[in-house]
Amino acid sequence: MSFSSKLIQWYAQNARELPWRQTSDPYIIWLSEIILQQTRVEQGLPYFQTFVTQLPTVSDFADAPEDFILRLWQGLGYYSRARNMHKAAKAVMHDYSGRFPTSYHELIQLPGIGSYTASAIASFSSNEVRAVVDGNVYRVLSRVFGIDTDINSGAGKKQFQELADSLISEKEPGLYNQAIMDFGATVCKPKQPLCANCIFVHECDAFATGRIALLPKKIKKTKIRKRYFHYFIIRRSAEVMIAKRPDGDIWANLHEFPMIETAAPISVTELQENAAFKTHFAQNIPIPLGDSIKQILSHQHIYAQFYLLPEDIDIKNKKTDWQYILLEKLDTLAKHKLIFSFLRTDNFPQ
DNA sequence: TTCCGGTCGA
DNA sequence: TCGACCGGAA
């Protein structure tokens, strides 16, 4: 039996009963699809009921004030969805005299409707043969067919769309689309998939090769970490105190000045209250030297503020790598860019 | 704390 | 091509 036949047969036994599945009205399907973008069914369900009751037609939607729409949307998140729906409803009134479109090419032009949603509405409302590719589809196809192309890459999107297009049932495209997404949502789940009950367990490449947890492959977007470094210039006649970066962090073993790091930007007053500051510098008052310096790395943004502390202060709990060195030796030490960026400014006290 | 997820616009 | 947009679940 074909891939699509197996799924449709599975769906006949296991479909979730959801209110928007009782209709082919593209307006109602549109409401449900936009609400379900980025949103779990359980969370979206009560919102769907509210929208259907409060705004039963696209004309009602277009005529409602935006404030009213947003109030109904409250708590659902991604509020641009609601604003785009309002624009789309007005466009449907204006461009289609209130007849909600059912073809992919018309739907994709409306605000808030991308390729997934256009395929979903077109296949559900008019059985247009358009394969949906959403998070569920990426998961099911990558596992069953053992495809480890990054789904966030252009090549991956193309490859999965082509595979989905080749698998869709030409006879029952809407049913097939519902089936593969329900299957992904309830059996081929992201975590703890129900492989024991899976209709594809004997042909699933990921199951056979132990790669369930590795697929679909998504190259992690290295999210930018923001860090706030506070450096202290401590002089003792012709000497200055330096420090060495620890292992296991950026710039390991390079030289810099004694510093403390905070998770957020802080004022001088807050710095004086900081536990690490008090540990080393007690009640001494740091004087900011110029503006903060921003250093951008691929994976972190570092905001560095330099401060002057009184000359020859008594440092408590001095770290072993904090050492006074002669100023003329400073040049010879290996330092990271942030440090010589600062030294290039005129803020270093001579 | 990390993961998950469609569309838009820069 | 990639970050912003949001809230909930694991």
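Quick note: numbers below take in every heavy atom, side chains included, and nothing from hydrogens, waters or symmetry partners.
- Ile34(A) comes within contact range of no nucleotide atom at all, as no heavy-atom separation falls under 4.0 Å.
- Residue Lys189(A) has no polar side-chain atom (N or O) positioned under 4.0 Å from OP1 or OP2 of dC4(B).
- No engagement by Ser153(A) is indicated, since no non-hydrogen atom pair under 4.0 Å with the nucleic acid exists.
- Separating the OH atom of Tyr79(A) from the C1' atom of dG5(B) is a distance of 16 Å, rounded to the nearest angstrom.
- If you check distances only, the side chain of Tyr78(A) does reach the base of dG5(B) with a donor-acceptor pair under 3.5 Å.
- Protein atom CG of Leu76(A) is 9 Å distant from nucleotide atom P of dG8(C), rounded to whole Å.
- For the OP1/OP2 pair of dG5(B) and a distance below 4.0 Å, the side-chain nitrogens and oxygens of Tyr116(A) include no atom meeting the criterion.
- Projected onto DNA chain C by closest heavy-atom contact, Arg40(A) and Gly154(A) fall at different nucleotides, the more 5' of which corresponds to Gly154(A).
- Whole-Å rounding puts the Leu45(A) CG to dG7(C) P distance at 19 Å.
- At the phosphate of dG5(B), OP1 or OP2 sits under 4.0 Å from a side-chain N or O atom of Arg139(A).
- Nucleotide dC6(C) holds its P atom 13 Å from the CD atom of Gln43(A), rounded to whole Å.
- Taking the nucleotide of DNA chain C with the nearest heavy atom to each of Ser80(A) and Glu42(A), the more 5' of the two is matched to Ser80(A).
- Using a 4.0 Å cut-off between charged nitrogen and carboxylate oxygen, Asp321(A) and Arg245(A) do not count as a salt-bridge pair.
- A donor-acceptor contact under 3.5 angstrom links the side chains of Glu33(A) and Tyr116(A), judged on distance only.
- For Leu36(A) and dG8(C), the CG to P distance is 15 Å, given to the nearest whole Å.
- Between the CD atom of Gln109(A) and the C1' atom of dC8(B) there is a distance of 15 Å, given to the nearest Å.
- Between Ile35(A) atom CD1 and dT7(B) atom C1' there is a gap of 16 Å when expressed in whole angstrom units.
- A donor-acceptor pair under 3.5 Å links the side-chain atoms of His86(A) to the main chain of Ala64(A), judged by distance alone.
- Regarding Lys87(A), its NZ atom lies at a distance of 10 Å from the C1' atom of dC8(B), rounded to whole Å.
- The base of dG5(B) lies outside donor-acceptor range of the side chain of Gln37(A), with no N or O pair under 3.5 Å.
- Ring geometry for His336(A) against Trp251(A) counts as parallel: the plane angle stays under 30°, on a 0 to 90° scale with 60° as the upper cut.
- Side-chain proximity of Ser115(A) to the nucleotides dT7(B), dC6(C), dC4(B) is greatest for dT7(B).
- Residue order along DNA chain B, read from the 5' end via each residue's closest nucleotide, puts Thr39(A) first among Thr39(A) and Ile108(A).
- Results of the side chain to side chain contact (heavy atoms under 4.5 Å, CB included) test with Phe3(A) over Leu163(A), Val140(A), Ile199(A), Ile168(A) single out Val140(A) as the only residue that passes.
- OP1 or OP2 of dT2(B) has not a single side-chain nitrogen or oxygen of Lys191(A) nearer than 4.0 Å.
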